[in-house]
Student: 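Quick one: the structure is below, questions incoming.
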Amino acid sequence: MKRFLIAALCVSVALLIVADDLYAHGGQYRGPGGAVPPNQREPSDPTPPPPPPPSGPPTTPPPTTPPSGGTTPTPMTPTTPTPTTPTPTTPGMGGERKGARGSLGFENWVFWYHNNKADIENLKKALYSRVSSENPLFQIGGKNLSNRSDATQDIRARVESDIIPALLWAMDKKNSDHQDTESATYIALAKMAKDAEQIELIKKGLDHKLKHDLITQESAAIALGMLRRAKTDNQFPAVDLDKVRDFLFGVFEDDKYQARTRSFAAMAIGMLGDQPSGSGSYSGHAATTERMFTLMENSGDYKHPDLLVGVLMGVGMLPPTSFNKDQREILRTCLNKGRLYRNDVQKLHQGYVALTLGRIGNANDIRVLQNAMLNRRNKDKNIQRSCAIGLGQLGRLVSGDDRVAVARTLLDSMKKVKDASTQNFAIISLADLIIADVQADKTDVIGSTKVGEFLLKMADDGKYIQRPFGALALGLIGRAITEETTVPAYGEFRSKSLDILRNGLLTKKLDKRGRAAFATSLGIIKDNRSVKSLVALVKDSKEDQELRGYAALALGLIGHGTNDVLIPIREALKERRSEELRQQTATALGLLKDKEAVPLLLEELRRAKSQNVKGQVVLALAKIGDARAVEPLVNLLKDKKEQDLTRALACAGLGVIGDLEWLPSLSRISLDVNYRASTDAVNEVLSLI
């Protein structure tokens, strides 16, 4: 079912376009999974779906309810044949045509960006940055209304008057008529839920007696994790959240649920992580952590790998202070020896243990991750990749000499580990270490190691597949340093970074997708001098559509909403040749708070005939964040003449507009994840928005 929906919304595999394709669960595919050619995939990587039908909108098959039971493994490969489209030459393998679009393997930077862009773009914050007084955006029907713009007040009012009633209407099977539409309502409602009654409605999506289909159960399970709120005033009482935790533990422990639903429940427990706890049977967050370790102790009984993966991902999102010495040692032993309590675990699971240690570890874990990454007897690529990511995360938790030690380990790995993805993750982790120093007003890493020189070289003259990651590293560090820095070492580094990024945007030695990384990085670093060059790319209708889209995104990140910037982006948005161009220009206009694009999109939504176009327009409207989009999306959701997936996408759009969080809740899972360690549950959860 899911694969059919992906196929229905993917652009042609032959074009290898990286699009945020929308499908079941009311979700958005963060990365371009379907565009990876067969010779770039490892056995564990997801197989791309077949191309969409040649013409006309797809027909959604009737819903199916899989058999109950939590132990039957979900198939990891599709039943449809792999397309026979000729595969372009792999970048970096010789024979590529400079300046052309290279083929897309999982080593490509776009996968990393799409999984980590929430914090970079911070779209919701951009949309409502005009609001003052401690983020009153999130006070529905509450205080400080006079501080909001009319548009912002209207959106918050529409949540209560229009969006939530529409979602409750669609929760009824008689109204939704399809699993995709129904399941999307649980995720959307969780994003704006404000009271215990709404929590109970979400729980009903997991009620055995109601016989919900698998997709609805999964959506309800992960939706409960979205009840976490960053702002204290919006957090649920401890008693409510602890009831949710107990309920989710019960779902995981109930083998009547499918493995993926149970895995989602474990991840949802982790997503709630640092929220109030201490009521009922709980004595603070340590009780949650202890109970999760009990689940790990019983992992020998799990007959599907996703179950332990879900627990490990959940554990990695729990507060580091909730772990005791023995629990940390259990994780270290698992990574070193492949034993979790009395049970042998797969290499896949050791990789997720490495990510967990990176998120909750301390200085004692530096050597543990270092040994696992560089041990000659360990040839498993996903353990190496997870260690590269984990060391970057751990480097943010430690400081001083410990952080320097992490930097030296990562630099050493660039020589000893040959896997391209491991090296690319290490490049980003090295950037994280410098950023942590910048935020602490220290220069330990850049002053004691050659990390700065290394990253500059990677972006300027690194291997073909690594230059884009080097560019992203420079952009992220430059953003942290800012133009106002008074530290000479950082000022010099930022200046050199800007020169390299500007040259990379215009170089002919990279393919178009590689140059798009430099464009994006110039946006991240907010380089005002590049505005003219980026606008020229957006205007050039003969230029590569993906490069134009990321140039528009860069302009949105820089933030100059002047007519000379807005008009070319609006004009590019009107073009219908490229889904990627439409997506990035819509995001750019959202970042620039451009309300003039809303009428354009509403008209296109009215005229659109294909499912794909409707989906892209719906998300574009949601990204721009204007109350005028609420009514047409509600109408689309309620129109039973529309295709089921279109209605589900309208529901997802309403969820994006009404979300109480600045950063999407699911970004807690996607940020710094090893998306190469592919499982069915991980692929699915990373597809949601």
Side-chain angles (χ1 to χ4, degrees), residues 70 190 193 196 199-200 202-203 206 220-232 234-255 257 261-302 307-335 340-343 345 349 352-353 355-362 364-365 393 397 665-666 668-669:
I199 294 177
E200 293 305 312
I202 297 171
K203 285 182 180 179
L206 288 151
I222 203 69
L224 290 170
M226 297 181 189
L227 298 174
R228 178 187 183 273
R229 302 283 184 256
K231 184 170 170 50
T232 303
N234 286 321
Q235 291 175 0
F236 285 94
V239 63
D240 289 339
L241 291 183
D242 287 339
K243 286 179 180 178
V244 172
R245 289 184 176 94
D246 276 328
F247 179 81
L248 288 168
F249 274 114
V251 171
F252 184 89
E253 293 163 353
D254 186 349
D255 61 10
Y257 290 106
T261 303
R262 297 169 65 189
S263 180
F264 275 28
M267 290 186 231
I269 294 169
M271 289 170 65
L272 292 174
D274 57 353
Q275 294 296 272
S277 184
S279 62
S281 61
Y282 285 84
S283 58
H285 296 296
T288 301
T289 301
E290 179 64 32
R291 195 166 176 182
M292 291 292 272
F293 271 81
T294 300
L295 296 182
M296 286 194 286
E297 187 175 5
N298 297 328
S299 63
D301 299 330
Y302 303 155
L307 294 173
L308 183 54
V309 167
V311 174
L312 289 169
M313 291 188 75
V315 167
M317 290 181 277
L318 298 176
T321 53
S322 68
F323 290 78
N324 60 41
K325 182 179 179 181
D326 291 341
Q327 290 164 344
R328 293 175 186 276
E329 194 58 38
I330 288 168
L331 293 172
R332 292 164 187 157
T333 299
C334 183
L335 179 56
L340 184 60
Y341 290 97
R342 303 175 306 278
N343 308 308
V345 300
H349 297 127
Y352 281 97
V353 169
L355 290 176
T356 299
L357 284 172
R359 291 185 173 190
I360 61 93
N362 55 37
N364 294 328
D365 295 299
Q393 295 173 311
L397 299 178
S665 299
L666 283 166
R668 297 197 71 211
I669 293 177

Student: If the condition is side-chain contact (heavy atoms from CB on, under 4.5 Å), which residues does Asn298 pass it with, not counting sequence neighbours?
Tutor: Thr294, Asp301, Tyr302
Student: Test Gln275 against Phe236 for side-chain contact (heavy atoms from CB on, under 4.5 Å), laying out the working first.
Tutor: CA-CA 8 Å; Gln275 294 296 272; Phe236 285 94; over 6 Å; no
Student: So, is the end of the Arg262 side chain (NZ or CZ) under 6.0 Å from the ring centre of Phe252 and within 45° of the ring's axis?
Tutor: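 Cation-pi check for Arg262 and Phe252: passes.
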Student: Test side-chain contact (heavy atoms from CB on, under 4.5 Å) on Leu206 and Thr261; report intermediate values, then the result.
Tutor: CA-CA 9 Å; Leu206 288 151; Thr261 303; 3.7 Å; yes
Student: Do Val315 and Thr289 have side-chain heavy atoms sitting under 4.5 Å apart?
Tutor: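 Contact flag for Val315/Thr289 side chains = no.
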Student: Flag the pair Phe247 / Lys203 as yes when at least one side-chain heavy-atom distance between them is below 4.5 Å, and no otherwise.
Tutor: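 Yes, close enough: below the 4.5 Å cut-off.
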Student: Find out whether Leu227 and Gln235 are in side-chain contact, i.e. whether some heavy atom of one side chain is under 4.5 Å from a heavy atom of the other.
Tutor: no
Student: Do you know the tightest heavy-atom contact between Ala190 and Ala223?
Tutor: CB-O, 3.2 Å
Student: Determine whether a donor-acceptor pair (N or O, by modelled atom type, separation under 3.5 Å) exists between the side chain of Arg328 and the backbone of Ile360.
Tutor: yes
Student: If I take atom CG from residue Leu272 and atom CE from residue Met226, how far apart are they, to the nearest 0.5 angstrom?
Tutor: 11.0 Å
Student: For Ala265 and Ala221, work out which heavy atoms get closest and say how close.
Tutor: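 The answer is N-CB, 4.1 Å.
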Student: Under the 3.5 angstrom rule, does the side chain of Glu297 hit a backbone N or O of Tyr341 as a donor-acceptor pair?
Tutor: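 No, Glu297 side chain to Tyr341 backbone: no donor-acceptor pair under 3.5 Å.
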Student: Using the side chain to side chain contact (heavy atoms under 4.5 Å, CB included) definition, which of the options Arg668, Met271, Met267 pairs with Met313?
Tutor: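 Result for side chain to side chain contact (heavy atoms under 4.5 Å, CB included) with Met313: Met267.
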Student: Heavy-atom distance under 4.5 Å between the side chains of Phe293 and Leu331, does that happen here?
Tutor: yes
Student: Would you call Leu295 and Phe249 a side-chain contact if the rule is heavy atoms closer than 4.5 Å?
Tutor: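 Answer yes - side chains close enough.
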Student: For Arg359, enumerate each residue passing the side-chain contact (heavy atoms from CB on, under 4.5 Å) test, keeping only those at least two apart in sequence or located in another chain.
Tutor: Met317, Gln393
Student: Can any side-chain N or O of Asp274 pair as donor or acceptor with the backbone N or O of Leu318 at less than 3.5 Å?
Tutor: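 No, the answer is negative, given that no donor and acceptor are paired below the 3.5 Å cut-off.
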Student: Is the backbone N or O of Lys243 less than 3.5 Å from a side-chain atom of Asp246, with the two atoms forming a donor-acceptor pair by type?
Tutor: no
Student: If you take all heavy atoms of Arg245 and Gly273, which pair is closest and at what distance?
Tutor: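 In this case the closest contact between Arg245 and Gly273 is NH2-O, 3.7 Å.
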Student: For Tyr257 and Val251, which heavy atoms make the closest approach, and how far apart are they?
Tutor: CD1-O, 3.5 Å
Student: Looking only at heavy atoms, what is the nearest atom pair of Ser263 and Leu307, with distance?
Tutor: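 For Ser263 versus Leu307, the nearest heavy atoms are N-CD2, 4.3 Å.
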Student: Walk me through whether Cys334 and Val345 qualify under side-chain contact (heavy atoms from CB on, under 4.5 Å).
Tutor: CA-CA 8 Å; Cys334 183; Val345 300; 3.7 Å; yes
Student: Taking His349 for the side chain and Leu335 for the main chain, is one N or O donor matched with an acceptor at less than 3.5 Å?
Tutor: no
Student: Search all heavy atoms of Ala266 against all heavy atoms of Val311 and return the closest pair with its distance.
Tutor: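 In terms of heavy atoms, the two residues are closest at CB-N, 3.7 Å.
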